[in-house]
Amino acid sequence: MTGHAHSDFAPRYYTIEQALRARIAKLQPHDALPSESELAKEFEVSRMTARAAVMRLVADGLVYRESGRGTFVATPPTRRRADSLVRFSQEMRAQGKRPSSRVITNLMRAARDTELAKLRLQQGDQVVAVTRVRLADGVPIALERSVFPITVAGLCDRDLASESLHEALRDMGHVPTIGHASLSASNANDLEAELLGLDPGVALLVEERLILDQRGDPLEFTESRYIGDRYALDVTFDVQHGEG
C-alpha cells in the first residue's frame, strides 16, 4: 500500500504539465495546444486537473490563453548566459532584433561606497557613470547603470547611444576579460518605471555584474534591471570567461 500512496504525492496535474512541457519544446510559437477537455480525456483526469496543469504553464510564460480560442505556445523570452560577456547588441542581433540605447547620463561624479569597494577605489575618487535604457526593436528591455574608474574618463566623450561601450573601452586599451554576475529581483520604482515605460511596481530581474580587464583590475560595475517578461537569463554563477 505504501508504494501506491507514495505515487499520489506527485499531483496528476504535475504529470500532465511535464508531458506538455516536452511537447511544447517541439512546437513553434503560436501553435495550438489541445483543449482542456481533450487533455482531460487523454490523461484520464478531470477538466479541473487539466486546467491546473495549463495554468502552471501560463504562469511560467510557456503558453498563453485566448478567450474562446484556446491555449497556444508562447514566444520564448530573450535568453542569454550571464557568464558570457557577449554584448547586449550582439545578442539582440543574433536574435534578429535591432539593438539600440538611449543614454540617460554619461558623466563623472564622486564614487558611492558600494562602488568604491567594487572598483577598489579610494574615498573621494571619481567614477564615470553611464546610465542607459537598452532597447530591442525600439522596445525597452533593460535599464543599465554602469560605473567605471576614472582611467576611462574618455567614455564621457563617446556617443554611447550608437557605439558599443565595450568597443570604446577596448579602444582605450581596457579589454573586458572576466565577468562575475549575481542576480536578484526587485520592483520598478517610479523613475525606473518611467524610463522603461512600465507601471511602478512591475517585477524586474536585477543583475549586478563586475567585469575585470586584461590585467585583472576592476573595469566596470553594472547593475542591469531587466523587465522580467521581456527578458530571461540562463545563469551560471561565478564562471570565469575569457570572452569579450
Side-chain angles (χ1 to χ4, degrees), residues 1-84 86 88 90-99 134-142 181-188 193 196-199 201-207 224-237 239:
M1 277 303 290
T2 48
H4 175 73
H6 184 73
S7 69
D8 290 342
F9 268 95
R12 292 293 291 139
Y13 66 75
Y14 179 79
T15 314
I16 304 168
E17 184 194 346
Q18 295 310 107
L20 288 176
R21 278 176 188 272
R23 230 175 268 184
I24 288 165
K26 299 189 182 81
L27 295 172
Q28 295 300 307
H30 314 302
D31 282 357
L33 254 60
S35 69
E36 282 163 14
S37 51
E38 287 166 341
L39 290 172
K41 195 180 291 182
E42 180 185 342
F43 290 96
E44 298 177 341
V45 294
S46 70
R47 279 187 64 163
M48 214 168 85
T49 301
R51 177 172 301 141
V54 171
M55 290 316 289
R56 284 171 68 93
L57 297 172
V58 170
D60 279 355
L62 290 174
V63 300
Y64 63 93
R65 291 157 69 90
E66 281 192 8
S67 186
R69 288 194 60 222
T71 306
F72 304 88
V73 179
T75 308
T78 309
R79 292 195 177 275
R80 75 175 179 77
R81 294 182 64 85
D83 58 322
S84 159
V86 174
F88 177 89
Q90 220 173 19
E91 281 170 45
M92 292 301 125
R93 283 193 195 98
Q95 292 170 27
K97 295 177 179 170
R98 185 179 52 79
R134 314 302 304 273
L135 307 102
D137 287 343
V139 177
I141 301 288
S182 62
L183 288 185
S184 58
S186 182
N187 298 92
L196 290 169
L198 302 171
D199 293 325
V202 167
L204 300 176
L205 184 68
V206 182
E207 180 199 17
S224 299
R225 291 176 175 256
Y226 297 97
I227 301 169
D229 60 358
R230 295 182 199 168
Y231 198 95
L233 287 149
D234 289 324
V235 182
T236 310
F237 287 93
V239 174

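- Applying the side-chain contact (heavy atoms from CB on, under 4.5 Å) criterion to V206, with sequence neighbours excluded, gives S184, S186, E223, R225.
- For the pair L33/I24, a side-chain contact is recorded, criterion being any heavy-atom separation below 4.5 Å from C-beta on.
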Legend entry - Derivation of the side-chain contact (heavy atoms from CB on, under 4.5 Å) call for L204 and I227: CA-CA 5 Å; L204 300 176; I227 301 169; 4.3 Å; yes

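- Among residues two or more places apart in sequence or in another chain, the side chain to side chain donor-acceptor pair (under 3.5 Å) test is passed with R23 by E42.
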Legend entry - Worked check of side-chain contact (heavy atoms from CB on, under 4.5 Å) between Q28 and V73: CA-CA 7 Å; Q28 295 300 307; V73 179; over 6 Å; no

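- For residues 25-56, the set of pairs meeting the ring pair (Phe, Tyr, Trp, His ring centres under 6.0 Å) definition, not counting sequence neighbours, comprises H30-Y64.
- Every residue was checked against the side chain to side chain donor-acceptor pair (under 3.5 Å) condition with S67, not counting sequence neighbours, and none meets it.
- Note that the CZ atom of R47 and the CD atom of E38 stand 10.0 Å from one another [nearest 0.5 Å].
- Looking at heavy atoms from C-beta onward, I141 lies out of side-chain contact with L135 at the 4.5 angstrom threshold.
- Qualifying side-chain contact (heavy atoms from CB on, under 4.5 Å) partners for R98, counting only residues two or more places apart in sequence or in other chains: S100, D137.
- Here the straight-line distance linking atom CG of L196 with atom CZ of R134 works out to 12.5 Å at 0.5 Å rounding.
- Nearest approach of A40 to A50, heavy atoms of both residues: N-CB, 4.1 Å.
- Residues that satisfy the side chain to side chain donor-acceptor pair (under 3.5 Å) test with E66, not counting sequence neighbours, are R69.
- Between L39 atom CG and E17 atom CD the span is 12.5 Å, to the nearest 0.5 Å.
- The heavy-atom pair separating V202 from D199 by the smallest distance is CG2-O, 3.1 Å.
- Here CG of L20 is found 11.0 Å from OG1 of T15. Values are rounded to the nearest 0.5 Å.
- One distance of note links CZ of R21 with CD of Q18; it measures 5.5 Å at 0.5 Å rounding.
- Taken from CZ in R65 to CG in L57, the straight-line distance is 10.5 Å, to the nearest 0.5 Å.
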